[in-house]
Number of protein chains: 2
Amino acid sequence: MRSTLQPGLTNRLTKYLRVTQQLIEEGRDAISSKELGDFTGINPVQVRRDLNAIGFSGTRGVGYQAYDLVEAVRSILGLRQTYNIALVGAGNLGSAIASSTILPKRGFVIHDVFDNDASKIGRTVGNVVVKHIDELEKSVAEADEIIGIIATPAHSAQAVAELMVEAEIRVILNYTDVLLHVPSDVDIHRIDPTAQLMHTLYYLTQAEGEEAS
Amino acid sequence: MRSTLQPGLTNRLTKYLRVTQQLIEEGRDAISSKELGDFTGINPVQVRRDLNAIGFSGTRGVGYQAYDLVEAVRSILGLRQTYNIALVGAGNLGSAIASSTILPKRGFVIHDVFDNDASKIGRTVGNVVVKHIDELEKSVAEADEIIGIIATPAHSAQAVAELMVEAEIRVILNYTDVLLHVPSDVDIHRIDPTAQLMHTLYYLTQAEGEEAS
DNA sequence: ATGTGTGAAAAGGTTCACAGCC
DNA sequence: GGCTGTGAACCTTTTCACACAT
């Protein structure tokens with residue numbers, strides 16, 4: 001509980017956490033810095049320095065104890081509680097998110113799902129019953145939700161974001177491709193698959209131009 | 001067409017590109033480095049240095065010309081062609097991805113959709129007819145696809161990845177939460193919303209612990 | 001042998017400060 | 001006034017090299 005960790009470090013720790021959790025599910029026991037590096041795209045030396053920095057040690061010639069590593073990282077990051085999430089949009093995308101196993105595995109629970117389409121209200125997606133968007137503020141307050149997910153058509157996204165801000169949501173995951181305008185104390189994260197594609201394709205096409213050997 | 005740009009730079013350029021394209025859609029004409037910084041989370045000074053590095057200039061007191069900026073970045077990154085994509089999984093998630101506007105806007109076309117569920121074959125998602133997964137290799141070769149998206153249930157993901165590798169797909173976008181094991185010349189990108197959440201929540205909860213004023 | 005731990009050097013990013021053009 | 005352009009100091013990350021434990 002000492003001073004705040006650096007942004008880069010915490011970001012990398014979350015990556016180690018996800019990879020290690022998955023490897024544990026595959027039945028793995030010990031994990032090397034090289035493996036963590038391969039799966040996260042982070043340099044193995046950096047991995048070792050990071051784990052060292054949070055006071056976690058491996059055994060030479062073997063690697064790091066997977067289960068202990070997960071516990072160490074979770075306790076350092078303070079990720080021991082679960083967070084309730086408000087999801088807006090009960091279409092294909094919203095349904096997919098609500099039934100995904102990714103969120104619950106990391107301590108996130110889709111606690112409420114909202115839509116403005118009367119035909120969807122009352123249906124069940126994932127484990128929850130879809131409510132009308134008008135109930136958002138009340139539900140968010142009741143379930144103490146600080147995270148919201150926008151999975152609506154693009155044209156509704158800004159309006160939904162404003163409702164969320166009004167309801168004191170602090171972090172918004174935006175699955176649409178519109179730029180949301182919100183106060184600066186609200187964190188926006190856009191899920192944009194093209195970001196990674198563009199970056200990767202640049203190197204792929206570069207490499208093709210250099211066929212010389 | 002000179003030497004390869006640094007990874008960090010290309011990565012940031014894609015962010016400027018996305019934000020600028022969106023602002024243009026909102027009718028904007030000129031954009032300041034501060035705005036680009038706010039929407040991308042990148043330091044404004046860094047933004048100016050980056051644009052300078054690719055030889056793009058703004059006008060003092062005004063900012064950067066949005067349309068020209070998009071063109072400059074696209075030509076530097078070589079993102080002028082369109083790429084055909086093979087999408088596997090025609091459930092809720094696959095349908096959502098196939099009908100999303102994000103990909104086409106950036107030059108990506110969902111050209112083929114596959115599933116192994118007979119009841120889905122022949123249906124239309126987005127603009128394309130769902131084919132049986134057995135046709136993947138042939139379709140990928142015909143449409144020259146080097147990008148694949150996995151939007152299946154988790155238990156099929158590894159098998160699909162292997163089919164894609166077999167079909168010479170080079171870049172895989174993985175929407176499931178399994179760790180895919182593939183040869184190292186294949187790029188895997190996992191769409192994981194929790195990465196950003198965990199990182200953000202760490203700072204949010206830290207801040208709460210420091211209520212001192 | 002294999003994989004951690006760590007010093008030292010180099011590269012990349014961030015921040016401050018300020019000059020210069022609209 | 002507003003915002004770009006850039007030098008200089010500083011911090012973070014990457015990489016090389018090698019000692020050391022199992």
Side-chain angles (χ1 to χ4, degrees), chain A residues 2-16 19-20 23 28-70 72-73 76 184 195 199 202-203 206, chain B residues 2-16 19-20 23 28-70 72-73 76 184 195 199 202-203 206:
Chain A
R2 217 77 282 282
S3 63
T4 308
L5 302 176
Q6 294 172 343
L9 175 56
T10 57
N11 201 17
R12 293 193 299 278
L13 288 175
T14 62
K15 295 183 181 168
Y16 308 150
V19 169
T20 308
L23 286 171
R28 295 289 307 282
D29 210 45
I31 302 179
S32 72
S33 59
K34 175 163 185 317
E35 276 178 300
L36 283 170
D38 285 346
F39 283 116
T40 56
I42 296 165
N43 189 306
V45 180
Q46 182 78 334
V47 174
R48 298 202 288 276
R49 282 193 209 280
D50 286 342
L51 296 184
N52 231 253
I54 62 168
F56 187 77
S57 300
T59 43
R60 305 189 182 202
V62 179
Y64 299 89
Q65 218 43 47
Y67 185 79
D68 296 351
L69 196 160
V70 168
V73 172
I76 284 279
S184 62
H199 185 232
Y202 171 73
Y203 288 97
Q206 281 297 105
Chain B
R2 218 77 283 279
S3 63
T4 308
L5 304 176
Q6 295 171 343
L9 175 57
T10 57
N11 200 18
R12 293 192 298 276
L13 288 175
T14 61
K15 294 182 181 170
Y16 307 150
V19 168
T20 309
L23 286 171
R28 295 290 307 281
D29 210 45
I31 301 180
S32 72
S33 59
K34 174 163 188 318
E35 275 177 301
L36 284 169
D38 285 347
F39 282 117
T40 57
I42 295 165
N43 188 306
V45 179
Q46 180 79 332
V47 174
R48 297 202 290 275
R49 284 192 207 281
D50 286 342
L51 296 183
N52 229 251
I54 63 168
F56 187 78
S57 301
T59 42
R60 304 182 185 210
V62 179
Y64 299 90
Q65 219 42 45
Y67 185 79
D68 296 351
L69 197 160
V70 168
V73 172
I76 284 278
S184 63
H199 185 231
Y202 172 72
Y203 288 99
Q206 281 297 105

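Only this structure's heavy atoms are used, side chains among them; waters, hydrogens and symmetry mates stay out. Chain letters run A, B, ... following the sequence lines, proteins first, then strands; residues in each count from 1.
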Distance in angstrom units between A/L51 CG and C/dT4 P, rounded: 9 Å
Tell me whether the side-chain N/O atoms of B/Q46 come closer than 4.0 Å to OP1 or OP2 in C/dT15. no
Among all residues two or more places apart in sequence or in another chain, which pass the side chain to side chain donor-acceptor pair (under 3.5 Å) test with B/D29? B/Q65
Using a cut-off of less than 4.0 Å, is there contact between a side-chain N or O of A/S33 and OP1 or OP2 of C/dT4? yes
Those residues at least two apart in sequence (or on a different chain) that pass salt bridge (charged side-chain N to carboxylate O under 4.0 Å, His left out) with B/D38 are B/K34
Take the C1' atoms of the five end pairs on each side of the helix from C/dA1-D/dT22 to C/dC22-D/dG1, get both axes, and report the angle to 10 degrees. 30°
Could you check how far CG of B/D50 sits from C1' of C/dT14, rounded to whole Å? 12 Å
Reading DNA chain D from 5' to 3', where do the contacts with chain A start and stop? Cut-off is 4.0 Å to heavy atoms. D/dT12 to D/dT22
How long is the span from the CZ atom in A/F56 to the CG atom in A/L69, to the nearest 0.5 Å? 4.5 Å
Rounded to whole Å, CG of A/L36 lies from C1' of C/dG5 at a distance of 16 Å
Whether B/N43 contacts C/dG13 is assessed here as follows: a side-chain N or O lying under 4.0 Å from the phosphate OP1 or OP2. Is that the case? no
Starting at atom CD of A/Q65, determine the distance to atom P of C/dT4, rounded to an integer number of angstrom. 12 Å
Specify the separation, in whole Å, of atom NZ of A/K34 and atom P of C/dG3. 9 Å
Letter by letter from the 5' end, nucleotides 17-22 of chain C scores (B base, S sugar-phosphate only, - none; protein heavy atoms under 4.0 Å) --BBBS
Round to the nearest Å and state the distance from A/I31 atom CD1 to C/dG3 atom C1'. 14 Å
Approximate separation, where rounding is to 0.5 Å, of A/Q46 CD and A/L51 CG: 10.0 Å
Suppose we screen for salt bridge (charged side-chain N to carboxylate O under 4.0 Å, His left out). Which residues come up paired with B/R49, at least two apart in sequence or across chains? none
Both B/N52 and A/R12 contact DNA chain D. Taking the nearest nucleotide for each, which residue is further toward the 5' end? B/N52
B/L5 to A/Y203 - nearest heavy-atom pair and separation: O-OH, 2.9 Å
Mind checking side chain to side chain donor-acceptor pair (under 3.5 Å) for B/Y16 and listing every partner two or more places apart, or none if nothing turns up? B/D50
Where B/L13 and B/V73 come nearest, the two heavy atoms and their spacing: O-CG1, 3.7 Å
Take atom CG of A/L69 and atom C1' of C/dG3, then tell me their distance rounded to the nearest Å. 15 Å
For residues A/F39 and A/L23, report the shortest heavy-atom separation together with the two atoms involved. CE1-CD2, 4.3 Å
Sorted by chain and number, sequence neighbours left out, side chain to side chain donor-acceptor pair (under 3.5 Å) with B/N43 holds for none
Taking only residues two or more places apart in sequence or in another chain, which ones pass side-chain contact (heavy atoms from CB on, under 4.5 Å) with B/A66? B/T20, B/I24, B/I31
Those residues that, when tested against B/T14, pass side chain to side chain donor-acceptor pair (under 3.5 Å) (two or more places apart): none
Hey, what do you get for CD (A/Q6) to CG (A/N11), rounding to the nearest 0.5 Å? 12.0 Å
Using atom names, set out every protein N or O paired with an N or O of nucleotides 8-10 of chain C below 3.5 Å, distance rounded to 0.1 Å.
from	atom 1	to	atom 2	distance (Å)
C/dA8	N6	A/R49	NH2	3.0

Does a nitrogen or oxygen in the side chain of A/S57 sit under 4.0 Å from OP1 or OP2 of C/dT4? no
Looking only at heavy atoms, which two atoms of B/S33 and B/P44 are closest? And how far apart? CB-O, 3.7 Å
